J.: 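Pasting a structure below so you can have a look.
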2 protein chains.
Amino acid sequence: MTNAAPDFADNARVAGGKIIPVDVAHAPYDIVIGQSILSESGTLIRLRMGARRCVIVTDSIIEPLYRARLEAVLAASGHDVRGAFVVPAGEASKDFAHLQYLLERMLEAGVDRKTLVIALGGGVVGDLAGLAASLLMRGIDLVQIPTTLLAQVDSSVGGKTGIDTAHGKNTVGTFYQPKLVIADVTLLDSLAAREMRAGYAEVVKYGLIADPAFFRWCQAHGGQLLAGDHESQIYAVGVSCAAKAKIVADDERESDKGSRALLNFGHTFGHALESATGYGNLLVHGEAVSIGMVMALRLSVEMGLCPAKDYEEARAHLASVGLPVKPPAFAYDIDRLMELMAQDKKATGGKLTLILARGIGQAFVSRDVDPAQVRALWKEFLV
Amino acid sequence: MTNAAPDFADNARVAGGKIIPVDVAHAPYDIVIGQSILSESGTLIRLRMGARRCVIVTDSIIEPLYRARLEAVLAASGHDVRGAFVVPAGEASKDFAHLQYLLERMLEAGVDRKTLVIALGGGVVGDLAGLAASLLMRGIDLVQIPTTLLAQVDSSVGGKTGIDTAHGKNTVGTFYQPKLVIADVTLLDSLAAREMRAGYAEVVKYGLIADPAFFRWCQAHGGQLLAGDHESQIYAVGVSCAAKAKIVADDERESDKGSRALLNFGHTFGHALESATGYGNLLVHGEAVSIGMVMALRLSVEMGLCPAKDYEEARAHLASVGLPVKPPAFAYDIDRLMELMAQDKKATGGKLTLILARGIGQAFVSRDVDPAQVRALWKEFLV
């Protein structure tokens, strides 16, 4: 690491790691990032919240890997672990049935107002456990231990919880901030290469939105990060969380005028693609975001807002690490894609709202994108 | 009305009515109280929030009485009413199945982030609709139109939402403040006498907790109020809401040290009785609170904290309006009642936490009540 570390409050307990404070009104919390800090989680929790009654939520992939270790570490720090509740891995678990299952099992396990819910897993576990914690006894404390790169840099920070319904993803949920996030990059060692790359797309996003220097860092170190270098991972997770924390502190509930919308860079195109391809294995979220960011930059170039060179550079970097930069072959329908985009961000007066960019690190919200131009862009990108 | 009105901001639109601001951090809102103001609800909402897409939640008793009028009034003010969803009247509707039903019907009706949920009903409807509003798209706006005295003076104010599970009442829920409460005392004309009296117990509670002058007013005017006098009702709902609003603004989430616990005066005894009698027709919530307040005052006398005269006066007033002041005959079990009380407010070191009083209008939280003394009190009160 030759780059200067961002301005973190450091903590001697987390050797080589970082602590990022998230300054949400009335409920500030820390994101602790480091290597092998799952083993420190009992202590990190006890120092902030005392010894607690705990329940763990995890999924069928993570459970055999880390559940026993987490339980042992919590017990060793004096916490009273009342059970670990396992949902099947995958987005299908984000539904009413699994939410109700978790709430009832946790109540059976003796959850009270002082009990702590610990989410050990990726975005699905974090969203479900976060929603359950926000609902039990009208809200009990929550700790996130994200186990994927995507969850470490994105979903575990910011307090969005949710389940999906027949009417869309996350149509039922809450804004509910955790009391602590523990991001152990060592847990990423067990992640499949494709999932790691998909999470990396969200890392690059922070550079593309507002931090050109971090984009340069990604160009220089992205390969190392994806190859499993823990130092690069700690640095990138730290910068990403700090960027997201700043935006969330400014605009916790994604108001119309707020800055939180910038986090959706690449996501309106991406969501349309994810939805049109059935949220399946053909295209996972981070891959859709990668394509979406490329398309948003391309549109910005075509609207005369962004130098072509910036688009080319971003595209080249994403492609160089193996992320897709154009949609895969599928039976597409441009009318349907346009409709999905209009749903995602409400159109006003026939125009579309999209996050565009004036260059790398210069994203902004545009509320008057001409749908005809977006339609032409789809024709250019779809094969 | 010979008493001076409390210090309300007045509003010309609500003839003879009152507007009480609730100063909850980041989300202040008004409680508007008056006669025949259901007819003004479309305007009251439009003035504060603009013309909105709306969905109504109500129950099988209220629907035939007021749904059509509310829909007409909303439409006349330019709101777009997308549907009214009806749950069976009664506590049994506060469950997962009805929550899921409401959420799915509302999403089908086209709820988006700008849609308003209107709760038209008593406490059950308010709790369910409030929870649904807090969950849809991670929280959309909510207006409460309470139709019972209990809901007008208590449950519609303060932002507690919830459903019941096998593990207890309101074990799943949120804190979620409405954007507006419209309390039309004319709706109370359709209320059964027993329900009116039960709600009145919560009115008297505000006097007993912290407002001796209001207790005197209750002694003088309670009979009129219960006989259907709208002016007395407006005054009492106003004083009650102002008292609750002040406490809620001070302690929104019922912290351990906060003042919100005082609102539970009479409730620990009351909840034990409600639970032991099966939450049935033998004893409704307000009746249980009436008995509970008498018992809390009696205990305060026996602990040498409160003059016997204050206990006698409170007891006499509640009895004079037809409220019960001792438990009905039922197959009781004092061990079970003690256990229910210990559950309700966590005991620490073998002692019970209870709201006691040093006299009328002087309630306080006591954390070291001797269980043996409470046991003796049950023996005194149970027949």
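Quick caveat, the model's predicted, so the values are computed rather than measured. Chain letters run A, B, ... following the sequence lines, proteins first and then strands; every chain starts at 1. All values below come from the heavy atoms of this structure, side chains included, with hydrogens, waters and symmetry mates left out.
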J.: Taking side chain as everything from C-beta outward and backbone as N, CA, C, O, which of these in A:Ser134 sits under 4.5 Å from a heavy atom of chain B? Side chain, backbone, both or neither.
T.: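 Just its backbone gets close to chain B.
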J.: Picking from A:Leu135, A:Leu103, A:Leu99, which has the most non-hydrogen pairs under 4.5 angstrom with chain B?
T.: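 That would be A:Leu135.
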J.: With only heavy atoms counted, which part of A:Leu131 is less than 4.5 Å from chain B, the side chain, the backbone, both or neither?
T.: side chain
J.: Has the side chain of B:Arg138 got a donor or acceptor atom that lies under 3.5 Å from a matching backbone atom of A:Thr161?
T.: yes
J.: To the nearest 0.5 Å, tell me how far A:Asp95 CG sits from B:Gln100 CD.
T.: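 Answer rounded to 0.5 Å: 8.5 Å.
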J.: Report the option among A:Met137, A:His167, A:Lys160, A:Glu108 that has the most heavy-atom pairs separated by less than 4.5 Å from atoms of chain B.
T.: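 Highest number of heavy-atom pairs under 4.5 Å: A:His167.
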J.: With a 4.5 angstrom heavy-atom cut-off, is it the side chain or the backbone of A:Lys169 that approaches chain B, or both, or neither?
T.: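 When you check distances to chain B, no heavy atom of A:Lys169 falls under 4.5 Å.
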J.: At a heavy-atom distance under 4.5 Å, which candidate from B:Thr165, B:Thr171, B:Ile163 has the highest pair count against chain A?
T.: B:Thr171
